[in-house]
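What follows is a single structure, written as structure tokens, with notes after it.
If you read the sequence from its start, that first residue is 1, and numbering goes on from there. Bear in mind the structure is a predicted one, so any value in this text is a computation, not a measurement.
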Amino acid sequence: MSFAECAEMWLRFSVCVVALALMAVPALADALLGVWLTKPDKKGQVAHVVAAPCGQGVCGTIARTFDKAGKAITTPNIGKRIFWDMKPVSPGAYEGRAWLPLHRVEFDGKMAVNGDKLTVRGCIAMVCQSQVWTRLR
């Protein structure tokens, strides 16, 4: 193989690697997109959170809420963003900001998608908690 042929092959390989890397970034965010069912809060209420692209990250908005009997209810949190600027940091892992409606406080949040489960984690002061949400679609 001549030097020119080798250089051409290396150039093609490099272009393919860069193209694949650029395609992987949106694919990482796709894992988080969809509708997620939260765990019950202290009143037994759950929410459907829609995760969708926004800006350079993913945002989650409370779309519907239900009481402990499963009946749809209207709460002041419907339509509010519960997380935003979630950006992929590794396959299936995201970091950004979140809001806890119960305490009306913002914090740095982390998320990890594993199949149809989403682990949501955050710390307020020295208290850290996590929940596992289930994908609805």
Side-chain angles (χ1 to χ4, degrees):
M1 177 182 297
S2 72
F3 176 79
E5 291 172 323
C6 185
E8 184 179 344
M9 187 182 337
W10 180 252
L11 179 61
R12 285 183 183 174
F13 174 77
S14 298
V15 169
C16 287
V17 168
V18 170
L20 287 172
L22 292 174
M23 289 171 40
V25 173
L28 289 175
D30 289 346
L32 182 55
L33 303 182
V35 180
W36 298 92
L37 175 66
T38 67
K39 287 293 183 189
D41 65 10
K42 292 183 180 187
K43 297 178 192 173
Q45 297 174 352
V46 297
H48 289 183
V49 176
V50 176
C54 65
Q56 296 296 314
V58 175
C59 296
T61 304
I62 298 173
R64 299 179 72 193
T65 52
F66 302 85
D67 65 16
K68 60 184 169 187
K71 179 183 171 199
I73 57 173
T74 301
T75 71
N77 296 325
I78 293 176
K80 294 195 177 174
R81 284 191 321 182
I82 198 162
F83 61 84
W84 57 95
D85 293 332
M86 284 291 168
K87 295 179 182 156
V89 293
S90 64
Y94 306 84
E95 292 181 358
R97 296 288 293 165
W99 175 65
L100 182 61
L102 178 64
H103 297 294
R104 296 182 181 172
V105 65
E106 291 182 19
F107 56 93
D108 290 330
K110 295 182 179 187
M111 297 181 156
V113 178
N114 187 0
D116 286 338
K117 300 295 180 189
L118 173 63
T119 301
V120 181
R121 180 173 170 74
C123 300
I124 300 171
M126 300 297 287
V127 179
C128 298
Q129 292 187 340
S130 64
Q131 277 190 357
V132 178
W133 297 356
T134 304
R135 183 186 303 275
L136 294 175
R137 46 182 188 271

Q: Please round to the nearest 0.5 Å and tell me the distance separating atom NE2 of His48 and atom CD1 of Ile62.
A: 12.0 Å
Using distance only, find each side-chain donor-acceptor pair of residues 32-41 under 3.5 Å and give its atom names and separation, not counting sequence neighbours.
{"from": "Trp36", "atom 1": "NE1", "to": "Leu32", "atom 2": "O", "distance (Å)": "2.9"}
{"from": "Thr38", "atom 1": "OG1", "to": "Ala47", "atom 2": "N", "distance (Å)": "2.9"}
{"from": "Asp41", "atom 1": "OD1", "to": "Lys43", "atom 2": "N", "distance (Å)": "2.8"}
{"from": "Asp41", "atom 1": "OD1", "to": "Gly44", "atom 2": "N", "distance (Å)": "3.0"}
{"from": "Asp41", "atom 1": "OD1", "to": "Gln45", "atom 2": "N", "distance (Å)": "2.8"}

Q: Mind checking the OH-CG spacing from Tyr94 to Asp85? Nearest 0.5 Å is all I need.
A: 14.5 Å
Q) For Asp67, does the CG atom sit with more than 12 other heavy atoms under 6.0 Å from it, leaving out its own atoms? A) yes
Under 3.5 Å, side-chain donor or acceptor atoms of residues 74-82 against the rest of the protein: list the pairs with distances, not counting sequence neighbours.
{"from": "Thr75", "atom 1": "OG1", "to": "Asn77", "atom 2": "N", "distance (Å)": "3.3"}

Q. Are any of the side-chain heavy atoms of Val120 and Phe83 separated by less than 4.5 Å?
A. no
Q: State plainly whether one hydrophobic cluster holds both Leu118 and Leu136, where clusters connect Ile, Leu, Val, Met, Phe, Trp and Tyr through side-chain heavy atoms under 4.5 angstrom apart.
A: no
Q) Which pair of non-hydrogen atoms, one from Ser130 and one from Thr119, has the smallest distance, and what is that distance? A) CB-CG2, 4.4 Å
**Q.** Value rounded to 0.5 Å, distance of CD in Gln129 from CZ in Arg121
**A.** 9.5 Å
Q: Output the distance between atom CZ (Arg135) and atom NZ (Lys117), rounded to the nearest 0.5 Å.
A: 11.0 Å
**Q.** Shortest non-hydrogen separation from Ala31 to Val113 and the atoms involved
**A.** O-CG1, 3.7 Å
Q | Reported CZ-to-CZ distance for the pair Arg97 and Phe107, which is rounded to 0.5 angstrom | A | 8.5 Å
Q.
So Val89 and Lys110, do their side chains get closer than 4.5 Å, heavy atoms only?
A. no
**Q.** Verify same cluster id: Phe66, Val49 (apolar side-chain graph, 4.5 Å)
**A.** no
